[in-house]
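Reading through the structure tokens given below for one structure.
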Amino acid sequence: MTNPGPLIVQSDKTVLLEVDHPQAEEARRAIAPFAELERSPEHVHTYRLTPLGLWNARAAGHDAEQVVDTLLTYSRYAVPHGLLVDLAETMARYGRLRLDKHPVHGLVLTSTDRAVFEEVIRSKRIAGMLGERLDDAPGSEGTVAVHPSERGNLKQALLKLGWPAEDHAGYVDGEAHPIALVEDGWALRDYQKQAADSFWHGGSGVVVLPCGAGKTIVGAAAMAHARATTLILVTNTVSARQWKHELVKRTTLTEDEIGEYSGARKEIRPVTIATYQVLTTRRKGAYTHLELLDARDWGLVVYDEVHLLPAPIFRMTADLQARRRIGLTATLIREDGREGDVFSLIGPKRFDAPWKDIEAQGWIAPADCVEVRVTLPEGERLAYATADADERYRLASSTFAKTRVAERLVRQHAGEPTLVIGQYLDQLDELGEHLGAPVIKGETTVREREKLFEAFRQGEIDLLVVSKVANFSIDLPEAAVAIQVSGSFGSRQEEAQRLGRLLRPKRDGRTARFYTIVSRDTVDADFAQNRQRFLAEQGYAYRIVDAGDIPD
DNA sequence: AATATTGTAA
DNA sequence: TGTCCTACAATATT
């Protein structure tokens with residue numbers, strides 16, 4: 001019972017994908033809705049079947065039968081029977097419980113399974129959120145009232161117990177406010193429309209799209225569906241201004257209808273854009289700006305960059321379960337592992353377009369990722385070996401050998417707009433000096449930054465050295481080449497964001513280059529491996545070359 | 001009242 | 001594993 005398929009499905013819930021197999025791409029696409037990529041070296045990629053992944057697939061309308069069918073279709077060997085049983089059982093756990101509106105009790109939790117129901121209501125964490133036990137609703141095996149204010153906490157707790165509830169309690173419409181898209185000289189792209197529509201049908205949830213694919217537009221389209229007052233939460237003030245600018249340009253909203261609620265301004269308007277920061281600041285331990293949440297009868301809450309949502313916002317979001325919520329992000333991966341909270345409090349993933357698909361449609365540029373390996377010079381090698389663990393990463397990632405390689409790469413791409421990105425200021429200063437390029441870091445004034453960005457945009461200068469400011473400033477100009485010399489300890493989302501900088505389509509349809517310079521045989525290499533995982537999931541393969549092979 | 005500076009938190 | 005960057009609030013300054 002073997003066929004030459006590209007997958008090997010194992011009973012430890014890993015799924016191996018043979019990358020060079022002719023059906024590999026097809027299989028990757030088929031398993032993407034429910035499997036999570038774990039490692040991605042050259043030949044065989046490892047995916048894992050996790051409960052969260054399977055439940056997300058359920059929420060997106062896939063059933064166990066489809067998942068099983070996909071595995072059987074592409075598997076090379078017989079798929080372990082136990083795994084299939086387990087998979088079906090895990091998927092069946094989703095929706096065994098459901099939340100509904102109730103005319104008398106406000107909100108009720110019902111179950112289709114007596115044992116599950118009894119288990120859940122006896123859980124210590126959950127008991128306090130429940131009201132009185134009611135007569136079984138027709139067709140149910142247990143019904144209990146729920147305090148409406150506990151809707152979010154309950155969902156969070158049930159997910160942790162492994163019995164995620166399906167939320168059918170619906171949403172308040174909020175205060176109506178007319179909002180429509182003004183498609184004037186531009187049009188909503190197919191995938192943007194699909195994303196906004198699938199969000200709307202689901203009621204709340206997350207849309208995953210690559211950087212530069214127009215997430216703001218999806219937000220605007222969602223608002224045009226809701227036609228209600230909207231609270232938009234963003235990571236920083238620059239982003240807040242950008243949202244405002246885009247909304248004025250793309251919708252019937254005028255400047256006066258859009259307020260900014262941040263450190264500098266405290267405007268509350270029918271559409272209000274607030275920073276996460278301002279909501280999470282506390283005085284004497286108490287949150288100071290919670291009034292914003294109650295200031296209006298919001299019909300929609302938009303969470304920009306949901307992968308960066310700070311922990312306290314989860315607590316507030318738990319109280320906002322009656323409002324429609326849309327989360328926007330380029331990656332659902334959180335380095336703090338709170339994906340489950342995003343799932344239970346904002347909602348399941350409603351739409352997801354692989355970067356490569358958007359690339360194929362020409363909305364983002366193709367990119368070529370290259371990992372350049374350097375060897376530490378003898379002296380540094382010794383210093384590295386004897387250094388304390390906490391100094392090793394810095395030593396390995398800021399070796400002078402990298403500066404030399406960067407120089408060669410820069411020369412090779414002379415004339416193309418190039419960014420050199422790193423995390424240690426000493427290293428960046430050194431690079432700036434050797435490459436004869438300006439360095440932009442935190443202490444660079446806004447005026448200076450703008451001057452340099454503008455010169456870069458105009459093509460007057462073609463090389464900038466940037467620190468972590470690159471992670472935050474949205475107005476960083478697009479480039480064709482990026483050279484990463486060091487990065488945070490293993491942040492996948494940082495890597496994704498940096499690559500995202502290059503993906504605006506080039507006028508001549510050229511491929512972007514993303515180099516990452518790594519010291520071999522050091523912790524630098526380990527972290528680089530972790531950082532690359534997310535991009536590998538999106539189908540970006542790193543070519544590995546030796547520094548010696550870069551022509552001078 | 002608007003703006004600049006400094007310290008703190010995450 | 002720990003550096004760097006940002007936003008906010010408070011205070012000082014025009």
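Proteins come first, then strands; the chains are lettered A, B, ... in the order of their sequence lines, and each starts at number 1. What you see below is based on every heavy atom in this structure, not just the backbone, and it leaves out hydrogens, waters and symmetry mates.
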Candidate pair A:H413 and A:Y515, rule ring pair (Phe, Tyr, Trp, His ring centres under 6.0 Å), full reasoning: CA-CA 12 Å; A:H413 290 283; A:Y515 294 99; 5.5 Å; yes
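- Among the atoms of the strands shown, none is found under 4.0 Å from any heavy atom of A:T280.
- Atom NZ in A:K266 sits about 16 Å away from atom C1' in B:dA1, given to the nearest Å.
- For C:dA9, one of the phosphate oxygens OP1 or OP2 lies less than 4.0 angstrom from a side-chain nitrogen or oxygen of A:H289.
- Within the 4.0 angstrom heavy-atom criterion, no nucleotide atom of any strand lies near A:V523.
- Atom pair A:N530:CG and C:dT1:C1' shows a separation of 13 Å (rounding to whole Å applied).
- A:T375 and A:R520 share a donor-acceptor pair across their side chains, judged by distance under 3.5 Å alone.
- Judged by the 6.0 Å distance and 45° axis criteria, A:R334 is not positioned over the aromatic ring of A:F343.
- We find that A:D297 and A:R323 are joined by a salt bridge, their nearest charged nitrogen and carboxylate oxygen being less than 4.0 Å apart.
- Aromatic ring orientation, A:F489 versus A:Y393: tilted (interplanar angle from 30° to 60°).
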Nucleotide N/O of nucleotides 3-6 of chain C paired with protein N/O under 3.5 Å:
residue : atom : partner : partner atom : Å
C:dT3   : O2   : A:K468  : NZ           : 3.0
C:dC4   : OP1  : A:L425  : N            : 3.1
C:dC4   : O2   : A:K468  : NZ           : 3.3
C:dC5   : OP1  : A:G442  : N            : 3.1
C:dC5   : OP1  : A:S467  : OG           : 2.2
C:dT6   : OP1  : A:R449  : NH1          : 3.1
C:dT6   : OP2  : A:R449  : NH2          : 3.4

Protein-nucleotides 10-14 of chain C N/O pairs closer than 3.5 Å?
residue : atom : partner : partner atom : Å
C:dA10  : OP1  : A:R283  : NH1          : 2.9

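- Side-chain contact annotation: A:T403 with A:E430, donor-acceptor N/O pair under 3.5 Å present.
- Using a 4.0 Å heavy-atom distance criterion, A:F527 is classed as a base contact.
- Using modelled atom types and a 3.5 Å distance limit, the side chains of A:N471 and A:Q497 yield no donor-acceptor pair.
- A donor-acceptor contact under 3.5 angstrom links the side chains of A:S488 and A:E494, judged on distance only.
- A:T522 and A:D524 share no donor-acceptor pair across their side chains, judged by distance under 3.5 Å alone.
- Separating the CZ atom of A:R338 from the P atom of B:dA10 is a distance of 14 Å, rounded to the nearest angstrom.
- Contact annotation: A:R282 does not reach the phosphate of C:dC8 (side-chain N/O to OP1 or OP2, under 4.0 Å).
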